[in-house]
S.K.: 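Handing you a structure now.
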Amino acid sequence: MMNLNYWLMKSEPDVYSIEDLKKDGQTIWEGVRNYQARNFLRQMKRGDLAFFYHSNTTPPGIVGLMRVVQTDMIDPTQFDTDSPYYDSKSSPDCPRWWTVKVEFDRLFPQMLPLGILKQNFTADELLLVRTGNRLSVMPVNQAIAVKILALVAHQGV
């Protein structure tokens, strides 16, 4: 049986929302410019699930799920001089930034806000709730992922 990993990936909804992903079907998760987040992207495997987190909004929270469909992709924005993610120190011969392609899996009936996550998980259980954490991509332990999905299922009951 395939070992399924879970991740959490943040995007500002006014930049790229889960509704955009639902409409597009698939997208390249471009523009990550943090080495630790990049390394997490490089650990992803085809079939892994990622919680889609809307950040920089009130309230922030998990809004759905997406699935990793392609891995080990070179982020093309690092070479685009017109992109805000351009990196002059990167070259096609020696790229610095890697990414994945994801596809829409599901939209949750309602957002699971950060406040609820903080009430249910410690910083050791869920990196997202750790004070000072600003990573846009992070792993989620499978047992914690199951609990998050249970919270989503029981919201509003």
Side-chain angles (χ1 to χ4, degrees), residues 2-78 80 83-85 97-121 123 125-157:
M2 187 171 97
N3 187 21
L4 182 67
N5 296 309
Y6 288 89
W7 306 90
L8 184 140
M9 298 165 74
K10 296 179 182 178
S11 181
E12 297 178 14
D14 61 339
V15 175
Y16 195 83
S17 70
I18 194 160
E19 290 82 7
D20 293 323
L21 179 59
K22 184 177 182 180
K23 178 176 55 81
D24 296 343
Q26 294 186 342
T27 194
I28 295 173
W29 204 261
E30 61 193 23
V32 172
R33 294 296 181 269
N34 171 286
Y35 286 108
Q36 189 175 6
R38 179 211 56 193
N39 292 343
F40 288 143
L41 286 167
R42 299 219 52 200
Q43 292 173 28
M44 291 181 183
K45 294 184 176 33
R46 188 179 153 101
D48 284 356
L49 289 172
F51 292 101
F52 196 124
Y53 183 89
H54 279 177
S55 62
N56 200 25
T57 187
T58 305
I62 297 173
V63 293
L65 272 176
M66 52 192 170
R67 185 173 303 276
V68 176
V69 294
Q70 191 174 345
T71 59
D72 292 321
M73 298 178 68
I74 295 170
D75 184 337
T77 61
Q78 65 192 307
D80 181 356
S83 171
Y85 305 114
W97 305 106
W98 299 79
T99 192
V100 296
K101 183 183 280 185
V102 293
E103 71 180 4
F104 177 80
D105 186 83
R106 75 188 87 140
L107 178 65
F108 293 156
Q110 60 187 33
M111 173 189 284
L112 186 60
L114 178 60
I116 298 292
L117 294 166
K118 285 181 175 182
Q119 290 172 15
N120 284 274
F121 302 104
E125 293 173 320
L126 184 61
L127 191 57
L128 175 72
V129 303
R130 184 171 292 164
T131 302
N133 174 53
R134 303 212 11 103
L135 284 176
S136 62
V137 177
M138 63 197 76
V140 176
N141 174 286
Q142 188 169 15
I144 299 304
V146 168
K147 289 179 183 178
I148 291 170
L149 291 169
L151 283 172
V152 169
H154 292 99
Q155 265 188 316
V157 174

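Worth knowing before you read on, the calculation uses all heavy atoms, side chains too, and leaves out hydrogens, waters and symmetry mates.
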S.K.: Given I28 and D75, is the side-chain contact (heavy atoms from CB on, under 4.5 Å) satisfied, shown in steps?
M.R.: CA-CA 8 Å; I28 295 173; D75 184 337; 5.6 Å; no

S.K.: Between atom CZ of F108 and atom CG of L65, what is the distance when rounded to the nearest 0.5 Å?
M.R.: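 One finds 4.0 Å between CZ of F108 and CG of L65.
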
S.K.: Once you round to the nearest 0.5 Å, how far does CD1 of I116 lie from CD1 of I148?
M.R.: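 Reported to 0.5 Å precision, the distance equals 12.5 Å.
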
S.K.: Indicate yes or no for a side-chain donor-acceptor contact from K10 to the backbone of L135 under 3.5 Å, with no hydrogens or angles considered.
M.R.: yes

S.K.: Strictly distance-based, threshold 3.5 Å: is any side-chain N or O of E30 a donor or acceptor partner for the main-chain N or O of T77?
M.R.: no

S.K.: Of all the heavy-atom pairs spanning W97 and N34, show the shortest one and how long it is.
M.R.: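 Looks like CZ3-N, 3.7 Å.
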
S.K.: What closest approach, in Å, do L107 and V63 show between heavy atoms, and which atom pair accounts for it?
M.R.: CD1-O, 3.5 Å

S.K.: So which atom in V100 and which in L41 form the shortest heavy-atom distance, rounded to 0.1 Å?
M.R.: CG1-O, 3.6 Å

S.K.: Not counting sequence neighbours, which residues clear side-chain hydrogen bond (donor to acceptor under 3.5 Å, both in side chains) with R106? List them please.
M.R.: none

S.K.: Measure the spacing between OH of Y35 and CZ of F40 and express it to the nearest 0.5 Å.
M.R.: 16.0 Å

S.K.: Give, for atom CG of L8 and atom CD1 of I62, the distance between the pair rounded to the nearest 0.5 Å.
M.R.: 5.0 Å

S.K.: Answer yes or no: is there a donor N or O on one side and an acceptor on the other, between the side chain of R42 and the main chain of W98, under 3.5 Å?
M.R.: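 No; judged by distance alone, with no hydrogens or angles, the pair does not exist.
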
S.K.: On a heavy-atom basis, which atom in V32 and which in A37 lie closest, and how many Å separate them?
M.R.: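 Of all heavy-atom pairs spanning V32 and A37, the closest is CG1-CB, 3.5 Å.
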
S.K.: Rounded at 0.5 Å granularity, tell me how far CG in N120 sits from NZ in K147.
M.R.: 9.0 Å

S.K.: Are a donor atom and an acceptor atom from the side chains of S17 and D20 found within less than 3.5 Å of each other?
M.R.: yes

S.K.: Could you tell me the separation between the CD atom of Q110 and the CG atom of L112, rounded to the nearest 0.5 Å?
M.R.: 8.5 Å

S.K.: Less than 4.5 Å apart, side chain to side chain, heavy atoms only: is that true for S55 and E12?
M.R.: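 A side-chain contact exists here, since the closest heavy-atom pair is under 4.5 Å.
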
S.K.: Return each pair, listed once, that meets side-chain hydrogen bond (donor to acceptor under 3.5 Å, both in side chains) where at least one residue sits in residues 129-145; pairs must be two or more places apart or across chains.
M.R.: none

S.K.: Strictly by ring pair (Phe, Tyr, Trp, His ring centres under 6.0 Å), give each pair with a member in residues 6-32 just once, sequence neighbours left out.
M.R.: W29-F52

S.K.: Hey, does the side chain of R46 reach the backbone of V69 with a donor-acceptor pair shorter than 3.5 angstrom?
M.R.: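 Side chain of R46 to backbone of V69: a pair is present.
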
S.K.: Show your working on side-chain contact (heavy atoms from CB on, under 4.5 Å) between Q78 and R33 and close with a plain yes or no.
M.R.: CA-CA 9 Å; Q78 65 192 307; R33 294 296 181 269; 3.5 Å; yes

S.K.: Restricting to non-hydrogen atoms, name the atom on T57 and the atom on P13 that form the minimum distance, rounded to 0.1 Å.
M.R.: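 In this case the closest contact between T57 and P13 is CB-CG, 3.9 Å.
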
S.K.: Pick one: which of M44, R67, M66 meets side-chain contact (heavy atoms from CB on, under 4.5 Å) with V102?
M.R.: M66

S.K.: Would you find a donor on one side and an acceptor on the other, under 3.5 Å apart, between the side chain of N5 and the backbone of D48?
M.R.: no

